[in-house]
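In what follows, every chain begins at residue 1, and chains take the letters A, B, ... in the order their sequences are listed.
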Amino acid sequence: QSNPKIVFGYTAVSDFASVFVAAEEGYFKKRNLDVELKFIPLNSTIPAALQSDSLQIGGPTPSVFLQAVDGGLDLVLVAGGGLTSKTITGFGLVARAGSGIKGPQDCVGKKIGVPGLGAFLHVTFRAWLKESGVDYRKVNFVEASFPQHADLLRGGSVDAVVSADPFMSRITESGAGYVASYYSTFLPENNQTIVHAAKREWVLKNPGAARAFRESLVEAAAFMQQPKNDAKVRAAIGKYIKLPPEVLAKIQISPPGATVSEKQLGYWVGLMKDQDMLKTSIDVAKLIAK
Amino acid sequence: MTERRLLRWLRPWVFPALLVGAFEWYARRAAALGSDALAPPSAAARAFMGAALDGSLWQATGFTLGTAALGLLLGAVLGIALGLVLGLSRRAAQLGSLSIEVLRPVPSVALIPLAMLTFGFGVRMELAIVAFATFWPLLVLVQSAVQQIEPRLLEVSRVLGLSARERAFKIVLPAIAARLFVALRLGVAVALVVAVTVEIAANPNGMGYAMMIAQQSFDPALMLAWLGWIGVVGFAVNAGMVLLQRVVARRMGVLP
Amino acid sequence: MSTAADFLRFDGVAIRLGGREILSPTSFDVARGEFVCIVGPSGCGKTTLLRAASGLVAASAGEVRRKGVKMSEPSREVAFVFQDYGRALLPWRTVEGNVSLALEAAGVPAAERAPRIAEVLGKVGLAKHAQKFPVQLSGGMQQRAQIARCLAQKPELMMMDEPFGALDALTRQSLQDELARLVRDDGLTVLFVTHDLEEAIYLGDRVIALQANPGPGRPSLARMIDVKIPRPRDQLTTKEHPEYLQLRRELFAFIEQSHD
Amino acid sequence: MSTAADFLRFDGVAIRLGGREILSPTSFDVARGEFVCIVGPSGCGKTTLLRAASGLVAASAGEVRRKGVKMSEPSREVAFVFQDYGRALLPWRTVEGNVSLALEAAGVPAAERAPRIAEVLGKVGLAKHAQKFPVQLSGGMQQRAQIARCLAQKPELMMMDEPFGALDALTRQSLQDELARLVRDDGLTVLFVTHDLEEAIYLGDRVIALQANPGPGRPSLARMIDVKIPRPRDQLTTKEHPEYLQLRRELFAFIEQSHD
Amino acid sequence: MNGNGRVGILVNRLGSLAVLFALIALWWMASNAGWVSRVFLPTPQATFASLLEGLNLRGPNSNGELLAFTQATVGRMLQGWLLASLFGVLLGAAIGVSPAVRAWVQPTLEFIRPLPASALLPLAISIFGLNPGMVLFVVAFGAMWPVLLATVHGFAAVEPRLSEVARCLQMSRAAFVWKMGLPNAMPDILAGMRLALTIALIVAVVGEMIASQSGLGQAILLAARAFRSSDLFAGIVLLGLIGFASNALLAFAEKRLLRWQQP
Ligand SMILES: Nc1ncnc2c1ncn2[C@@H]1O[C@H](COP(=O)(O)OP(=O)(O)OP(=O)(O)O)[C@@H](O)[C@H]1O
Ligand SMILES: Nc1ncnc2c1ncn2[C@@H]1O[C@H](COP(=O)(O)OP(=O)(O)OP(=O)(O)O)[C@@H](O)[C@H]1O
Ligand SMILES: [Mg+2]
Ligand SMILES: [Mg+2]
């Protein structure tokens, strides 16, 4: 039988590499899936797009996904995207030159820009502060999109930003700021940074398509793990995320994690509970489609 | 004599040229310092040519204009209809006044998150917000236009024994035509601004989105090109409306 | 058909507006074909009386009957020339179009309209200005356009509220004479408001003088004078007629005394 | 001090507007203290002549001299009562404020303004309405407010463009008489436009009749008539004076013939 | 005509209040009966509860921030509006009085006028940085146009007869601007300022959403991201109230200042 058309929403991060590869290598087509990839500028709008059927599957960050579920949206996870890894130095805390910020303690009372309030980098950064024994409530967070970070640091509007490559390296190269901490290395390995969610109703109606989608990503993950395919993977990323070639060549690609376990999701639930971001109790087991 | 002519012709361009020149200098300096978000106008012009040639410019412009027009149509039809009712019936106007005064000032942009949730991306959410934003000014302006129809004219229609239909088409509509046009001009401006704002804030389509995308993929030149282009489109649409208004006014003898 | 006497009858008509008595109970009759002029100081209720007579305002007491039937809504057989002529014309229609409105309302077929429009425009001396819009006309021409529209209605009763106030002496005189002729030829009945006493005497079969601020012992209708100057009248000789001079003195004296 | 004769002199004044000759070369003198009335059909250029006389429009040929000096810009010593009184008042100022404007312009200290305002408002009969805004006034009251402002200017020359057109008969007559008194007492000189021939004869020392569409052999200035009726004049007796009746006939006959 | 005097006015007030309550009742039914998903449309009770909690009206030891957000938004709106009114009137008067200024500057203004303030935000952030002053600038920029246009129009539309009155009285140029130009433009300026206030609120909200300034705009955006629809609605209700109150105040002021139109 023919599967329904899937519109898949992604944002401009390399954690979607497994989806790009699956599309480019024809793994979706092989399983009779018609997947259209659609770029979404703001990660936090993905759950709403799923809810209103603009998308069938989308890739929110775990924090966005959990907040949506907490708010009453009936979503489940179909698969997973990129994973955390100690080797990733693609994002970190970048402080303004001359600000004197060196560690978590120096952040108290400072103004720090994050790309999205309540989004992945914000949540993980606060977790890091908390882990280091700093009260994150005493830090003044403001929202600012990546490309503005350099100008904001230079103009003194913020004291530091939580940024990611390639913006981060641009800032350091121009001398406007320096990396105070690759704080992400504190995160335990192998937790999804992006999860692929769908409406429960859709998954119940199309169990085959959901499974086929996950299997495509598993195959793509295997493809990515072979170093000889690196060029092809980068080409796939470059096709869907418009990056200058020199940036594309240097970018770190997070390892793929196509299937999500209860433990992985539970990690994020714990992190968010710590930060008072969830109002209801969340049953992790019900959120992962088998 | 010809020199004066030349000066008169050049005059309007002096300030824009100064502004663009100053910005060029400032942006070049900023770019030299490593800014990711600023580009000089010369680079923007090149980026603009690129977008115009590969067709993305026209597609996004078409989407924004189309959605704004459709949303305006929706908001205007509802607003004009309700405005006529409230303008002609004092009782209806009094009953509705409080509700209207409470609902009208809700900023349309505050509904973007709500429309997102209800309609997702695409034409529908943008339509809904544009329609909401244009509905109120049209309602209020049409209502006051109807209320300001010269009472003597309504009396003339009574003395001549005009039927309700004749009264509507021969007295009321022509009488408010000029003000209706003013309202529509305002509506067009509002529709365009709101459409672009919705695209910037949420909807991944159209000119506003193209501008945000350009910004996010480190293409400040393209972003600036879009900003300029949005200004040009707004200017052109406004000029078109003024022209149309003048033609209609002349037809109706308001401007001989 | 009714008798001439009860063609138009005011029966204790009183009018209150904005909580104030504008017109105290007033009764009089107008016969078919009669030309009645109404004079009085500014704000005494002349316009209001005329509006009540045509059904544009409801009387707060008493009633106006036309041919035995109570006037509650305006009728097409009664034409009304408004005092503020500038507002009574549709600004988006030419002179021709404004006159045509009356014919459209009466359901006259399109083919018959043109000759009738030309006829009435000729009568008021606007034949050459048929294609102009109201803004392009002088005040006097606007007023004449309004009169033309009323004539096109072919009314049997005509209410005229200071129709000639905006005209220069000569145009005014020629329209006065034209109106007098129309009344005689077509048997038109006219209620004519003016603040020019001499005009009232010159035109009217009867002159009704109103006074402002009515109250107990001070009725709105202050004086009713029959004008027995023979017709047709003439701008020069009539105004030197002894009856004319005598009525003029009488009215002036009365109004001077009732004015406050 | 200049002689009485060259107080105001029109010296071949011609005016073209919109490519059309409105006024053909016209010459006449006005003596100090004289009351000159200007009559003529609508559109013949009465207003235009007055505007030229006060420097509001420039003559295309010839010149207007006041006390030997060419008039090129309006002066505070010349007051102008505009025909469209509704537009000549500041709608955001009360009657009092509008009169005060003339005093402010003349630099009268604030303390002295109130009595002078009260004085002129009394003269035009608006003392009770000093605190009202123009929209609250009837047309006639607006016109009187404008006249009050002009009087407050203490001009030596007054241009009046159909000032009494909007007034009811009685108010009009009392203002006519008040104006005649002012002219006599203060030695005011007046140029007075009206389309009412009888008003012109009643008020004027001289009546100038203009005709429309001037051309070769058809000058704008058609007739100049001296009015030799003794002063003070009176609304009833003067209008039955044989000289008055005779002048009236003469002017009517002339205007009827020159009208087209 | 229905009703007369005070009784009539009271009946009308009650009637319009009844219509408003009917609308709220409709909302109550739609949300409580589940006609519309609660994810989009919270119940009025929940919205009210969120409001109480956010405004710290629940109890002494709650820590709602809505009051502070409201203050921030209102402050931003008012400051931007005042700036917009000031520059709008000054620039408009200059253009209205001087043909030279008009010839040199107006074409430029005509071109930048249709630029949506929201589209300028990213550029303004890059140039001025992410600070409150920048947002204020954008708010003022967006809200200035109606005041500017109204002032230009008001000055250009001085009744020609009044200009002649000024000439006849030999008034100075300054006296003309002060006694004729400004009062004549006043109704237009006030109407423009009223429109400007609405725009100022909208741009302030957009600014808070896009440029991360704390305020109601950011609050409703974050509420929407976290799918807390009752908080979202509480924010919208507050914004509606701000608009309602400011509009009513200005309408009152307008009535007082323009008493000469309808005394
Ligand atoms: N709709 C209304 N509400 C309250 N008062 C009114 C209304 N219409 C007229 N009036 C008052 O009624 C009085 C009579 O007005 P009306 O227009 O009949 O006077 P008039 O005799 O025609 O005067 P004029 O000669 O100036 O035209 C005036 O004092 C006016 O203020
Ligand atoms: N600014 C102008 N441009 C062109 N033509 C004008 C202008 N002002 C007046 N006219 C024309 O000049 C002629 C004389 O106008 P004016 O106002 O002086 O007439 P008037 O004698 O005062 O008439 P009325 O009695 O109607 O006031 C008219 O035909 C008018 O159309
Ligand atoms: Mg009247
Ligand atoms: Mg004139």
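Side-chain contact between C:Q153 and B:V159 is present, with at least one heavy-atom pair separated by less than 4.5 Å. Looking only at side-chain heavy atoms (C-beta outward), B:E155 and C:F82 come within less than 4.5 Å of each other.
Within the model, atoms CZ of C:F80 and CZ of B:R152 stand 8.0 Å from one another, a figure rounded to the nearest 0.5 Å. Here C:W92 contributes atom CH2 and B:I171 contributes atom CD1; the two are 5.5 Å apart, rounded to the nearest 0.5 Å. The CG atom of B:L153 sits 5.5 Å away from atom CG of C:L90, with the distance rounded to the nearest 0.5 Å.
Residue-environment remark: CZ (B:R158) exceeds the threshold of 12 foreign heavy atoms within 6.0 Å. The local environment of CD in B:Q59 is sparse, with at most 12 non-hydrogen atoms from other residues, nucleotides or ligands closer than 6.0 Å. Counting non-hydrogen atoms of other residues, nucleotides and ligands closer than 6.0 Å to CZ of C:F28 gives a total above 12.
Contact of C:E104 with chain B is made through backbone and side chain together, with heavy-atom distances under 4.5 Å. Contacts between C:S75 and chain B at a heavy-atom distance below 4.5 Å involve the backbone alone (N, CA, C, O).
Interface with chain C: from residues 232-244 of chain B, no residue qualifies, criterion being any non-hydrogen pair under 4.5 Å.
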